[in-house]
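Single-structure report; data block below.
The basis for the numbers below is simple: all heavy atoms, side chains too, and nothing from hydrogens, waters or symmetry mates.
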2 protein chains.
Amino acid sequence: MNLKELSELLGLSQTTVSRALNGYPEVAVATRLKIQQAAAANSYRPNARAKGLATGRAMAVGHVIPVSSSHEIVNPIFADFIAGASEIYLRHGYDMVLSSVPDDREEHAYRDIAANGSVDGIIVNGPHAADERIGLLREIGLPFVVHGRASGETTDYNWVDVNNRRSFMRASEFLIDLGHQRIALINGLEAMDFASRRLDGYTHALQSRGLVPDPALIRSDEMTEAYGYSSALQMLEMAHPPTAFLGSSIIVALGIRRAIEEKGLKLGRDVSVITHDDDLGYLRNGGDVPTFTATKSSVRQAGRLCAEQLLSIISDPGQPAQQRLLETELTVGQSTGPAPHLITRPATA
Amino acid sequence: MNLKELSELLGLSQTTVSRALNGYPEVAVATRLKIQQAAAANSYRPNARAKGLATGRAMAVGHVIPVSSSHEIVNPIFADFIAGASEIYLRHGYDMVLSSVPDDREEHAYRDIAANGSVDGIIVNGPHAADERIGLLREIGLPFVVHGRASGETTDYNWVDVNNRRSFMRASEFLIDLGHQRIALINGLEAMDFASRRLDGYTHALQSRGLVPDPALIRSDEMTEAYGYSSALQMLEMAHPPTAFLGSSIIVALGIRRAIEEKGLKLGRDVSVITHDDDLGYLRNGGDVPTFTATKSSVRQAGRLCAEQLLSIISDPGQPAQQRLLETELTVGQSTGPAPHLITRPATA
DNA sequence: AGGAAAATTTAAAGCGCTTTGGTAAGTAAT
DNA sequence: ATTACTTACCAAAGCGCTTTAAATTTTCCT
């Protein structure tokens, strides 16, 4: 059933029917009621494409998945982010359009998306430190919100980010306070902006406490379990191994833990681990006392915030750029303890 | 730049320009070339909505995320599935539309999607044993492919599924062959079709070897790490604990392993674990000898297959329903060994 | 009752594309 | 040279909706 049929059935014009259903005021109350009932009875649903064409609004937002030939893995973190965002879209009647884009055609893809009009705005994930997408999107004029920031970008744009620098600074200081001197950082992909901020916080904490960051204790890569495992294993086999690790995600931390246990060491006693925890639904750092001491920030919540911000920009394009910096919670779990050589000194209770 | 502008610029009709760009034959070679160049030079992109309205094809497929108020968690497995599917969509120029749907409005939502015409077909995830969606979608007439099956559904429909029954039967037999008698099953949500098939395979294997399945060793729930952990922990504290576990996903298995280690037991020696392994990119069951003995089947590949099947149905709606049953690989890792009481009998080399 | 103002309703244009049903020019056959 | 096909192009209708501008009806005042 389309609008024309419905209006003929009611003996009214398409105009009136359309207005009645879209809540415009210039329709008599009785008429509106009659129309609404008829629409429901005939389960009329307006065609989204036609509506979009007429209004210029797609009622959809785009998320781009960059597919690189090298690391074509979809992040579980992305899944939770999506879940959060889609809660908001659902509430506002928006759809979410995911497009995979080979990263060598990224510019082309964004221009495509903007021109072909299938979305009203876009969420940018995983910005690099020097990300060209922000400038590009601004030039194109498509509303967008970045999940994360691009340090290299000087102009004002919409973003939602975690205070990664402070978060990793605090975590490092916490370990230093426990007497750890050799602290490893198992970071995310080097090019990622969040990874460089974490490195920065870590470096800063060490240096301000008179420690010299050791390049041999710093790794950067895709945040898989296998990466966490192999990195930690290698480091634990060094002549002068670290006594503590900083992990970039709960998945990496699982790998680190596996390496520690495989070496016959005890987590939280022989080796300490602090991880960033995105509070993933399926990999909750659970229990009364959580397994890992962690810097926690829900990525699902970040998804919600990004989506809300984007919808707000879409509905009111004039407003100034919004920024939202989220602090993490440093929650103490079972994975941290005093540095091993200090353990001889009896701990209080 | 739209079609009208482009055609005026070229001094040609919209018809000719449209035909030239869409590869229709009735255009002179020289004209086509000229048009293509002009289109590229002016970076003309046809408006997807208008095109869809005119052709009746959306060039998009829908994936529905059921959001229940109770378990509103997005599965990392879903993320990998999506990744696989989107590879295929990308290759064929399709978009992927994700819509969250509160599960009490599911029927409404599917009708909506079909009527509003924003997608050409739909992928159904996580079918229940008695799933009403299949009948509904057939009635609606929207092309669809189910990832999994619905045992209760008697009609013919398109699906891609893992042979869960055989897979868990083989895994159970493998454990029984190793001398295990008390084997626990940490299954997925009870209502899920795949879970009931796995239970079936497990039960069948035990019974055919003269073992009686113990209800106390069978759990069903959302497949989180915490669930694996708490289930395994409880069972290990039983008077007569299991010597082996069957896990429903790698994430659950991680939880089981945590419980085992927390009890001071050794995985693969004191307690054996076999898990289903969806071959998730971020949680690879890696190493030269994988950590877990597992029944492996790439969910990403399943995503590809579903997508391919759906696109094939969309382009040729007449064809008969296709089914694709995938067998798992039972790969032996470090998490299984002979049942503990047999270990006194020296193993051969 | 008569006219202005307000409340309803409608016809028709337009969103940007495809596609049907042409026409005009070029080529081959008679 | 006439007819009959091809070939290359075009005008206009139509996809299903919104929205402008105008028409109609109702209400209110004097």
When the distance from [atom1] of [X] to [atom2] of [N] is rounded to whole Å, what number comes out?
| X | N | atom1 | atom2 | result |
| --- | --- | --- | --- | --- |
| B/Ile35 | D/dC9 | CD1 | P | 8 Å |
| B/Leu10 | D/dC10 | CG | C1' | 14 Å |
| A/Leu12 | C/dT10 | CG | C1' | 10 Å |
| B/Met59 | C/dT18 | CE | C1' | 14 Å |
| A/Asn116 | C/dC15 | CG | P | 18 Å |
| A/Lys51 | C/dC15 | NZ | C1' | 15 Å |
| A/Leu6 | D/dG16 | CG | C1' | 13 Å |
| B/Glu8 | C/dG16 | CD | P | 12 Å |

Closest-nucleotide ordering on DNA chain D, the 5'-leading residue of B/Ala50 and B/Glu26
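Final value for this comparison: B/Glu26.
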If you pin B/Arg32 and A/Ser18 to their nearest nucleotides in DNA chain D, which one's is more 5'?
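First, find each residue's nearest nucleotide; the 5'-ward one identifies B/Arg32.
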Look only at the side chain of B/Asn22 and the backbone of B/Tyr24, and say whether a donor-acceptor pair between them is shorter than 3.5 Å.
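The answer is no, because no donor-acceptor pair under 3.5 Å joins these two groups.
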With a 4.0 Å cut-off on N to O distance, would you call [X] and [Y] a salt bridge?
| X | Y | answer |
| --- | --- | --- |
| A/Arg133 | A/Glu107 | no |
| B/Arg149 | B/Asp193 | no |
| A/Arg324 | A/Glu308 | no |

Just compare [options] and give me whichever is closest to any side-chain atom of [X].
| X | options | result |
| --- | --- | --- |
| B/Asn47 | C/dG21, C/dT9, C/dC17 | C/dC17 |
| A/Tyr24 | D/dT19, D/dC17, D/dC10 | D/dT19 |
| A/Leu53 | C/dG16, D/dC10, C/dC17 | C/dG16 |
| B/Ala28 | D/dA8, C/dG14, D/dG14 | D/dA8 |
| A/Ala54 | C/dC17, C/dT8, C/dC15 | C/dC15 |
| A/Arg19 | C/dT19, C/dA11, D/dA21 | D/dA21 |
| B/Pro46 | C/dC17, D/dC9, D/dC17 | C/dC17 |
| B/Thr15 | D/dC17, D/dA12, C/dC17 | D/dA12 |

Would you state whether a donor and an acceptor, one from the side chain of A/Arg57 and one from the base of D/dT18, lie under 3.5 Å apart?
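Between D/dT18 and A/Arg57, which were checked side chain against base, a qualifying N/O pair under 3.5 Å is absent.
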Side-chain donor-acceptor contact under 3.5 Å, B/Glu153 with B/Thr155
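Yes, side-chain donor-acceptor contact under 3.5 Å.
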Side-chain donor-acceptor contact under 3.5 Å, B/Ser100 with A/Glu87:
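No - no donor-acceptor pair under 3.5 Å links their side chains.
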Residue list, side chain to side chain donor-acceptor pair (under 3.5 Å) with B/Ser99, at least two apart or on another chain:
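Listed in chain order: nothing, the list is empty.
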Could you go through A/Arg111 and A/Glu106, starting from their C-alpha distance and side-chain angles, then the distance that decides it, and tell me whether this counts as salt bridge (charged side-chain N to carboxylate O under 4.0 Å, His left out)?
CA-CA 9 Å; A/Arg111 292 191 186 277; A/Glu106 204 154 12; over 6 Å; no
Which is true for B/Thr55 with a 4.0 Å heavy-atom rule: it touches a base, it touches only sugar-phosphate, or it touches nothing?
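Sugar-phosphate: the residue B/Thr55, judged by heavy atoms under 4.0 Å, touches backbone atoms but no base.
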Considering every strand and a 4.0 Å limit on heavy-atom distances, what is the contact class for A/Arg49: base, sugar-phosphate, or nothing?
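The answer is nothing, as A/Arg49 stays clear of every strand by at least 4.0 Å.
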Find which nucleotide of DNA chain C each of A/Thr16 and B/Gln14 is nearest to by heavy atoms, and output the residue with the more 5' nucleotide.
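Of the two residues, A/Thr16 wins.
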Quantified as the angle between the terminal helix axes (five pairs each), what is the overall bend of the helix from C/dA1-D/dT30 to C/dT30-D/dA1 to 10 degrees?
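That helix gives 50° between its end axes.
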